[in-house]
Amino acid sequence: MFVENVVVAGSFQRQGVGRQLMEAAAQLGESAGCYKVQLLAADDAYVHSFYEACGFAALVQGFRRYIP
């Protein structure tokens, strides 16, 4: 399962909403037979801390190329 563009409105941040979204996504993936949840994250320490707190581990470096 690939998760992309997780955003929580500013007025709801730091209330556990993002963590609930990530847990719901993982449960949805599990019920669909997925064996892992994968995502790319912005290169910001607070973003990495959030995903680590949700049980994710930074394992690889990703690359992307936008096509005009």
Tell me which donor-acceptor pairs under 3.5 Å the side chains of residues 34-47 have, and how far apart each pair is, sequence neighbours excluded?
from, atom 1, to, atom 2, distance (Å)
Lys36, NZ, Gln38, OE1, 3.1

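One finds the CD atom of Gln27 at 12.0 Å from the CE atom of Met22 (value rounded to the nearest 0.5 Å).
Remark: the backbone N or O of Arg14 is not paired with any side-chain donor or acceptor of Arg19 at under 3.5 angstrom.
Taking each heavy atom of Gln13 and Val8 in turn, the nearest pair found is NE2-O, 2.9 Å.
The 12-atom threshold is not exceeded at CD of Glu30, counting heavy atoms of other residues, nucleotides or ligands nearer than 6.0 Å.
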Self-check item: Phe56 vs His48, side-chain contact (heavy atoms from CB on, under 4.5 Å): CA-CA, chis, key distance, verdict
Solution: CA-CA 9 Å; Phe56 289 82; His48 293 197; over 6 Å; no

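Hydrophobic cluster membership differs between Phe50 and Leu21, with clusters built from Ile, Leu, Val, Met, Phe, Trp and Tyr side chains linked at under 4.5 angstrom.
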